[in-house]
Amino acid sequence: AAACLVWVFHDVRFGELFRDIESMNWWLVTLAVGFDILSYLCQGWRWSLLLHPKGRLSALRTTQAIYAGLFVNEILPMRIGEVLRIYMVSRWLTVDFTTIVSSVLVERFFDAIWLALAAAVTILLVPLPRYLVDAEELLAVIVLAALALFVYLVMKKQPVLSGNGSRRGLRAGLLRITGSLASGIRDIGRSRYLYESLGVSGLLLIFQVLAFWLVMWAYGLRFSFWQGAAVVLILHLGTTIPSAPSNIGTYQFFTVVGLTQFGVEKTAATGFSVVVFVILTIPLWIIGIFAFERAGLTLRQLRTDLPRWGKRRGEGVASS
């Protein structure tokens, strides 16, 4: 993250960094924030649908867990908030954590499908460097492999890699975990809500692109929707690997990389990377803090509860 920030701010004209803020269209900014919030509501809706085979949880509750997790991601590295949202939902539904992990894995699978489709369309409509075309082709291969595995798990009648209940030890525990994950994925794959959740995943990506693109227009970067989608694609691919809190550093780096592909001068691109980050992060902070506190959570409590919860899960795996 530090290396990314050094590159982003190297050789920029600091006196001109934020000169375009004064002429920003704040109505478009408001609309962008609205679409960004809608994207997280779609994520909550999708998660609620994916959880249906194991329990009923409203979209508002799942969205609350998502925002609480995002808030924690903003202040802690390596996306610890993903663990928090799994913890919250497993506690509300009183189900095993691997069941919730299965739904999160399917979420990521759906995201990859739509990202690959969006990338394919964008490449057809917008000239992009060869390395981005290669990255899209690699993503397509990964998605096809994941699709084959998903179909296999759904169609297979017996649990995959299920452990023998009479056996103890790490190997038996790992077999039980993978068997439980496979069982959870199979239940989701056979659910009548599968295709609805896949469709909602498409809306989620569209709203994310619209939010980013509208901030571009508000800032004076009048690019087409598909050029905005190309920058979002680069940003998504670049921030896939967990890093610093809020993806600070990597977010700015890949935003600047994406914009400079379309001829935006680096100082202007750097200024925009900071502005769009702040605009789309502040509402996340506000709603995230509210969701976090409404759940009755504190950071001090998480420091003790999450390790204990993980220890109990580990003891459950190790026992027969």
Side-chain angles (χ1 to χ4, degrees), residues 4-5 7-9 11-43 63 66-67 70-71 73-74 114-115 118-119 121-122 125-128 132 202-239 245-290:
C4 287
L5 287 174
W7 181 86
V8 166
F9 287 101
D11 201 29
V12 300
R13 298 183 298 278
F14 286 93
E16 303 176 12
L17 197 57
F18 302 115
R19 65 181 180 183
D20 294 322
I21 290 180
E22 296 179 359
S23 59
M24 283 187 69
N25 185 328
W26 293 101
W27 288 107
L28 288 179
V29 169
T30 303
L31 191 59
V33 170
F35 277 119
D36 192 54
I37 293 172
L38 277 176
S39 72
Y40 291 117
L41 288 172
C42 282
Q43 187 178 354
T63 304
I66 288 168
Y67 265 109
L70 289 169
F71 167 67
N73 284 343
E74 294 298 304
W114 282 106
L115 197 61
V121 175
T122 302
L125 298 176
V126 179
L128 292 174
L132 287 177
L203 282 178
L204 189 160
L205 181 59
I206 290 171
F207 289 151
Q208 287 178 338
V209 174
L210 280 170
F212 194 91
W213 177 65
L214 285 170
V215 178
M216 290 177 67
W217 268 66
Y219 197 73
L221 302 176
R222 301 304 174 89
F223 292 106
S224 71
F225 174 82
W226 290 107
Q227 288 173 315
V231 179
V232 173
L233 168 65
I234 294 170
L235 181 59
H236 273 314
L237 292 175
T239 55
S246 300
N247 284 322
I248 191 167
T250 51
Y251 189 101
Q252 287 74 29
F253 177 86
F254 287 104
T255 299
V256 172
V257 168
L259 289 173
T260 53
Q261 298 299 322
F262 297 107
V264 179
E265 192 266 331
K266 190 183 177 187
T267 297
T270 298
F272 173 79
S273 72
V274 175
V275 170
V276 68
F277 177 81
V278 171
I279 287 173
L280 298 183
T281 298
I282 288 178
L284 191 155
W285 267 81
I286 295 171
I287 301 174
I289 291 172
F290 177 77

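Atoms considered below: every heavy atom in the structure, side chains included; atoms not considered: hydrogens, waters and symmetry mates. FYI, the numbering just counts along the sequence from 1.
Between the OG atom in Ser246 and the CG atom in Leu280 there is a gap of 12.0 Å [rounded to 0.5 Å]. Note that the OG atom of Ser39 and the CG atom of Leu210 stand 10.0 Å from one another [nearest 0.5 Å]. Separating the CD atom in Gln208 from the CG atom in Leu203 is a distance of 11.5 Å, to the nearest 0.5 Å. Separation of atoms OG1 (Thr255) and CZ (Phe277) is listed at 9.5 Å; rounding is to 0.5 Å. Separating the CG atom in Leu284 from the CD1 atom in Ile289 is a distance of 10.0 Å, to the nearest 0.5 Å. Atom CZ of residue Phe253 and atom CG of residue Asn247 lie 13.5 Å apart, to the nearest 0.5 angstrom.
Panel note: side chain Thr270, backbone Phe9; no donor-acceptor pair is recorded below 3.5 Å. With Trp217 contributing its side chain and Phe223 its backbone, the two residues share a donor-acceptor pair below 3.5 Å. A distance-only check finds a donor-acceptor pair linking the side chain of Thr267 to the backbone of Arg13 [under 3.5 Å]. For the pair Thr260 (side chain) and Val257 (backbone), a donor-acceptor distance under 3.5 Å is present.
Heavy atoms only, all atoms of each residue included: Ala32 and Leu214 are closest at CB-CB, 3.8 Å. Across all non-hydrogen atoms, the minimal contact from Met216 to Gly228 is SD-CA, 3.9 Å. Closest non-hydrogen pair, Ser273 versus Val8, comes out as OG-CG1, 4.4 Å. Closest of all the heavy-atom pairs between Val264 and Ala269 is CG1-N, 3.7 Å. For the residue pair Ala230 and Thr122, the shortest heavy atom distance occurs at CB-CG2, 3.6 Å. In plain terms, the two heavy atoms of Cys4 and Gly249 that are nearest each other are CB-O, 3.3 Å.
The side chain to side chain contact (heavy atoms under 4.5 Å, CB included) test applied to Ile37 returns Val33, Leu41, Tyr67, Ile287, not counting sequence neighbours. Looking at residues two or more places apart in sequence or on another chain, you find a ring pair (Phe, Tyr, Trp, His ring centres under 6.0 Å) between Phe272 and Phe212, Tyr219.
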| request: Give the intermediate values and the outcome of side chain to side chain contact (heavy atoms under 4.5 Å, CB included) for residues Thr281 and Tyr251. | output: CA-CA 11 Å; Thr281 298; Tyr251 189 101; over 6 Å; no

Note to self: side chain to side chain contact (heavy atoms under 4.5 Å, CB included), that's the test. Do Leu237 and Phe254 meet it? Break it down for me.
What the structure shows: CA-CA 9 Å; Leu237 292 175; Phe254 287 104; over 6 Å; no

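Applying the ring pair (Phe, Tyr, Trp, His ring centres under 6.0 Å) test between Phe207 and each of Trp213, Tyr40, Phe35 identifies Phe35 as the sole match.
Looking only at side-chain heavy atoms (C-beta outward), Trp7 and Val256 come within less than 4.5 Å of each other. Two residues are said to be in side-chain contact when any heavy atoms from C-beta on lie closer than 4.5 Å; Asp36 and Ile279 fail this criterion. Residues Gln261 and Leu128 are not in side-chain contact: their nearest non-hydrogen atoms beyond the backbone lie 4.5 Å or more apart. Side-chain atoms of Leu204 and Trp114, non-hydrogen and from C-beta on, never get closer than 4.5 Å to each other.
The number of heavy atoms from other shown groups lying within 6.0 Å of CZ (Phe18) is above 12.
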